[in-house]
Q: 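The structure follows.
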Amino acid sequence: MTATDLFIALPIILLAVGALVTLLVGAITRTTNIGIVIALAATLGAAFWLMQSPPTLPAPTLGLSAGGLSRLFGVFFCLLAAGVLCLSVAYNRERGISGEEYPSVLLFTTFGMLALASATNLLTLFLGLEAMSFGFYILVAIDLQRGVSGETGLKYLLPGALSTAFLAFGIALLYTVSGTLSLHELMQFTLTSGTPDPIALAGWGCLLAGLAFKLSLAPAHLWTPDVYQGAPAPVVAFLSGGSKAATILFLLLLLPQAVDVSALRIPLCALSLFSMMIGNCAALRQNHVRRLMAYSSIAQMGYVVLALLSGKSGGYQAAAFYAIAYGTISLAAFGAITVIERNGGGETLDDYRGVGSRQPFAAGVLALSLFALAGIPPTAGFTGKFLIFSAAIRSGEITLAVTGILLTAVSVYYYLRVVVALYFNHADNTEDTQPRSIPTAPEYAVLIAAATTILILGLWPGKLIELLSRA
Amino acid sequence: METYLFYILAVVTVIGTILAITEKHPVHAIVHLVTSFFSLAAIFFLLAAPLIAMFEVIIYAGAVMVLFMFVIMMLDPGRTDQAGRPGLRQWLLPAILGVIILVSIGVLAAGYVTAPHTSSAITVREFAVTLFRKYGVAIEIISMQLLFAVVGALYLGRRRAP
């Protein structure tokens, strides 16, 4: 291992060592806060290290790379993890989630995402994705005090194991065709411009089936509402923002290197169409805020697949932009939900009535992120959707683009239902009976940072788009 | 010759795995799975990867299956009434599969010595160099995964609040 190797691998090593140290410290002392502090230091350290440009892009002997896209997403994953850690402190204290396992597993999950981001071969890419999913299997069930958490964990674990089998089998088939695991060569062999090898197509089918689960695309989406409802709110923020962005990155590392992706057009079209339709239509009938957000995330991922479909005309940049924007919006939305639910507040739309006057700050951030999800300017959601639909129209996917735009208009209804519940429907007599929960300082910091990022990405998106087109 | 052997072994593997899934009694399922692992090992040997074949037998058919067996014994399903000796019908299929594998391995071993012109086998050295040099990062990621599998199992296995 040379110094250059170390330079590129350092963020990953930092997170791995951080996770192990957190575990060890937990064996010595039972104060949870030390674990959180170590985890914060590790994530922020990794984020700052990733911000400087490396001496060479691929590590000489390790098979890791530090390309622009990898580092950008690496910083995003680390900052997201740091934000989730800050949100978890007060929430976990009130829910009785203690112990060193929580920060340690969270670091391990981030480690998986970072390994995925810097992979140059399909094996590391797959293992990174699996390490991340592994962390989430533990995190969604981490609340031992609630009976529902075990059920949630199982509902995520069993389809997850099935999707892993699909991914592994798909990778094996692709390896059969190409004889290499290196991303560039593999893509050149498996998605050629002529008629592709049937075995390669079978491999891609399996790969897409596995990834559809991770992205909660329509035929493989059934786990999403249950997991969003049952898992602790900060974990949902991380799951919704981080794991979706990592899976999009998985596709973004593969697809742009292919000669011709037209062989994947029909399955991607179907996934995108079904996700947009089912997500938006099912969200209309939800009264439970977290389930509503879950169906909305299914719909949002449908838009991202539409962007991937029209990759050559700027769709890849649009997908990367939307992944980051959606991650930030998720952090803001579920951060606000964390604050609102922290004092045992309700979870249905009826319980959200009048929250706007009781908890003005959290309700404001939630409303902003809902506007962003609906795609109302000047937020990141508007810019992201604009990039996606313009790329889709440029590449000739008119039908899908029009369907998507119409469904976005439909989605405004259910997002605004939550806003209306927050501000306009006052609770009848419960104005002063419910306890006021004031956000703690870390919660304030994370929510303000996320809300500012949403607005900055909406008002001045040029910088990020420029970074993405160079990457 | 190798092609025929491969197809025979492949059929045995698939049948063994299907039986392992459909079998209701966990211990029987394990026996079927061991059958499938053994024929898979023979397939690896056929593909000039004797080291992988060895690992398949030692680690999967040996260690992992023994672990499964221990877990099942500890979580005793409590069907002691059915613990008698299984009838001939239950023995028949595993016995046939086992015979097929044994014959294939025998033929393969005999053929391997007399016909070394098949593609050269991967040595332990080559295997180790590829595994720990080219895919060293992957090994580290897997080791972290295994560690956190233990951490997760220990944490989630704690007694839950009623």
Side-chain angles (χ1 to χ4, degrees), chain A residues 1 5 9 12-13 15-16 19-20 22-23 26 59 61-64 96-97 99-102 104-105 107-109 111-112 114-116 118-147 149-150 153-154 157 181-182, chain B residues 3 6-7 10 13-14 17-18 20-21 29 33 36-37 40-41 43-44 46-49 52 55-56 60 64 68 71 75 119-120 122 126-162:
Chain A
M1 193 189 240
D5 280 334
I12 303 178
I13 296 172
L15 288 174
L20 298 181
T22 315
L23 273 185
T61 58
L62 282 181
L64 293 174
I97 306 170
E100 71 283 3
E101 285 90 353
Y102 182 84
S104 176
V105 172
L107 276 184
F108 168 66
T109 312
F111 160 85
L114 230 61
L116 180 148
S118 46
T120 55
N121 62 51
L122 204 50
L123 187 64
T124 317
L125 203 62
F126 169 69
L127 287 175
L129 190 70
E130 279 320 303
M132 179 194 82
S133 310
F134 227 103
F136 278 122
Y137 298 149
I138 303 170
L139 282 177
V140 296
I142 203 135
D143 191 352
L144 294 179
Q145 312 289 327
R146 294 169 73 214
S149 76
L154 208 60
L157 174 67
L181 283 173
S182 143
Chain B
T3 325
F6 169 76
Y7 282 116
T13 312
V14 171
T17 314
I18 289 173
I21 297 168
L33 204 56
S36 139
F37 280 152
L40 201 62
I43 291 178
F44 281 131
L46 209 62
L47 293 170
I52 308 282
F55 284 163
E56 184 78 29
Y60 285 89
V64 173
F68 270 24
V71 170
L75 303 171
S119 57
S120 63
I122 299 159
E126 284 166 350
F127 182 81
V129 167
T130 315
L131 190 64
F132 290 104
R133 179 112 0 120
K134 194 172 173 195
Y135 296 115
V137 177
I139 297 285
E140 294 302 323
I141 298 174
I142 291 175
S143 60
M144 283 290 284
Q145 275 189 25
L146 290 178
L147 174 70
F148 275 88
V150 175
V151 170
L154 277 177
Y155 182 83
L156 299 179
R158 277 184 204 163
R159 190 173 298 277
R160 283 162 191 270

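A note on names: the letters A, B, ... follow the listed sequences, proteins ahead of strands, and every chain is numbered from 1. Because the structure is a prediction, the values reported are computed rather than measured.
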Q: Can you tell me how far the CZ atom of A/Phe134 sits from the CG atom of B/Leu147, to the nearest 0.5 Å?
A: 10.5 Å
Q: Give, as side chain, backbone, both or neither, the part of A/Leu139 having an atom under 4.5 angstrom from any heavy atom of chain B.
A: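 Neither the backbone nor the side chain of A/Leu139 comes within 4.5 Å of chain B.
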Q: Mind checking the CD-CG spacing from B/Glu140 to A/Leu127? Nearest 0.5 Å is all I need.
A: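 It comes to 11.5 Å.
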Q: When rounded to the nearest 0.5 angstrom, what is the spacing between CG in A/Leu181 and OH in B/Tyr135?
A: 4.0 Å
Q: What part of A/Ile142 gets within 4.5 angstrom of chain B, counting heavy atoms only: side chain, backbone, both, or neither?
A: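 Answer is both: backbone and side chain atoms of A/Ile142 are under 4.5 Å from chain B.
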Q: Rounded to the nearest 0.5 Å, what separates atom CZ in B/Phe148 from atom CD1 in A/Ile138?
A: 7.5 Å
Q: Please report the closest heavy-atom contact between A/Phe108 and B/Gln145, naming both atoms and the distance.
A: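 Closest approach of A/Phe108 to B/Gln145: CZ-CA, 3.8 Å.
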Q: Which atoms of A/Phe111 are under 4.5 Å from chain B, going by heavy atoms: the side chain, the backbone, both sets, or neither?
A: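 Side chain only.
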Q: At their closest point, which heavy atom of B/Ile141 faces which heavy atom of A/Ala131, and how far apart are they?
A: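 The answer is CG2-CB, 4.2 Å.
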Q: Hey, mind stepping through B/Tyr155 and A/Val105 against side chain to side chain contact (heavy atoms under 4.5 Å, CB included) and telling me if it holds?
A: CA-CA 11 Å; B/Tyr155 182 83; A/Val105 172; over 6 Å; no
Q: Work out which heavy atom in A/Ala19 is nearest to a heavy atom in B/Met144; give both atom names and the distance.
A: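 Of all heavy-atom pairs spanning A/Ala19 and B/Met144, the closest is CB-CE, 4.4 Å.
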Q: Can you tell me if CZ on B/Phe68 sees more than 12 non-hydrogen neighbours from other groups inside 6.0 Å?
A: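 No, not enclosed.
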Q: Could you look at B/Ala153 and say if it's the side chain, the backbone, both or neither that has a heavy atom under 4.5 Å from chain A?
A: neither
